[in-house]
Amino acid sequence: VQLQASGGGLVQAGGSLRLSCAASGRASSSSAMGWFRQAPGKEREFVAAIMWSGGSTIYADSVKGRFTISRDNAKTTVYLQMNGLIPEDTAIYYCAADASPLRYLVATYHVREASYDYWGQGTLVTVSS
């Protein structure tokens, strides 16, 4: 298993959840990690990304100020702290690893699904109103 996502669940609006994504094998040697989500009936969309080296981050406008992506290099694990959850955040959340040699985040690159080489199995987040 390259990427193992966990931490999803059912939460009331306004609540918080923290997702985790443990990387192993080749995925643990990636340059950047991203979180994406797919709501029912919608296409998968970018949520956030982080560089293993340096920890720089980028976020989708819809989650800025509410979600925080972080990483623990020693554990090769990436987290997504989600606060102020709203029903519109209901989705399956996927983590992904970018194996490119890029040394910094490129917004036009790291927001695209095709830029990532490894994907986790997804974890369901349901926010009730």
Side-chain angles (χ1 to χ4, degrees):
V1 177
Q2 302 276 5
L3 295 172
Q4 184 70 46
S6 61
L10 173 64
V11 63
Q12 288 189 333
S16 299
L17 279 175
R18 188 177 82 155
L19 306 183
S20 299
C21 178
S24 61
R26 294 180 179 179
S28 64
S29 301
S30 59
S31 55
M33 295 288 291
W35 284 99
F36 288 75
R37 67 185 181 185
Q38 186 167 22
K42 295 187 176 181
E43 294 186 351
R44 191 152 57 181
E45 64 176 5
F46 170 78
V47 176
I50 188 168
M51 295 295 290
W52 283 114
S53 178
S56 58
T57 60
I58 55 173
Y59 295 92
D61 288 343
S62 59
V63 305
K64 278 182 183 176
R66 300 188 298 122
F67 291 11
T68 302
I69 188 170
S70 62
R71 90 281 189 226
D72 184 329
N73 291 51
K75 296 181 179 179
T76 57
T77 298
V78 173
Y79 304 97
L80 186 67
Q81 178 66 43
M82 306 185 294
N83 298 328
L85 285 161
I86 58 178
E88 290 75 16
D89 294 320
T90 294
I92 299 174
Y93 284 71
Y94 298 89
C95 60
D98 166 33
S100 76
L102 287 174
R103 296 184 178 182
Y104 47 87
L105 289 175
V106 178
T108 54
Y109 175 85
H110 285 101
V111 300
R112 297 191 296 118
E113 290 184 57
S115 300
Y116 294 82
D117 304 280
Y118 305 100
W119 288 84
Q121 83 286 4
T123 184
L124 177 63
V125 172
T126 303
V127 184
S128 63
S129 57

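In this text, all values refer to a predicted model and were calculated from it rather than measured experimentally.
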For Y93, side-chain hydrogen bond (donor to acceptor under 3.5 Å, both in side chains) partners two or more places apart:
R37
Taking the side chain as every heavy atom from C-beta outward, state whether [X] and [Y] have any atom pair closer than 4.5 Å.
X: Q81; Y: S16; answer: yes
X: Y79; Y: T68; answer: no
X: H110; Y: S115; answer: no
X: R44; Y: W119; answer: yes
X: V125; Y: M82; answer: yes
X: F67; Y: L85; answer: yes
X: S6; Y: T123; answer: no

Does [X] share a hydrophobic cluster with [Y], counting links as ILVMFWY side-chain heavy atoms below 4.5 Å and allowing steps through other members?
X: L80; Y: L17; value: yes
X: V127; Y: L19; value: yes
X: V111; Y: I50; value: no

How close do [X] and [Y] get, heavy atom to heavy atom, and via which atoms?
X: P87; Y: A13; answer: CD-CB, 4.2 Å
X: A49; Y: L105; answer: O-CD1, 3.8 Å
X: C95; Y: L3; answer: O-CD1, 3.7 Å
X: T126; Y: L124; answer: OG1-CG, 3.8 Å
X: A27; Y: Q2; answer: N-OE1, 3.1 Å
X: A32; Y: M51; answer: CB-SD, 3.6 Å

Would you check, one step at a time, whether the test side-chain hydrogen bond (donor to acceptor under 3.5 Å, both in side chains) holds for D98 with S30?
CA-CA 5 Å; D98 166 33; S30 59; over 6 Å; no
Decide if atom OH of Y104 counts as having more than 12 heavy atoms of other residues, nucleotides or ligands within a radius under 6.0 Å.
no
How long is the straight-line distance from [atom2] of [Y] back to [atom1] of [X], given to the nearest 0.5 Å?
X: E43; Y: E113; atom1: CD; atom2: CD; answer: 8.0 Å
X: S70; Y: M33; atom1: OG; atom2: CE; answer: 11.5 Å
X: L102; Y: S53; atom1: CG; atom2: OG; answer: 12.5 Å
X: I69; Y: C21; atom1: CD1; atom2: SG; answer: 9.0 Å

N/O donor-acceptor pair under 3.5 Å between [X] side chain and [Y] backbone:
X: T76; Y: N73; result: no
X: Q121; Y: A5; result: yes
X: S31; Y: R103; result: no

Tested for side chain to side chain contact (heavy atoms under 4.5 Å, CB included) against V47, the lone hit among Y94, Y59, W35 is W35
Answer yes or no for R26 and Y118: cation-pi contact, defined as NZ/CZ to six-membered ring centre under 6.0 Å and angle to ring axis within 45°.
no
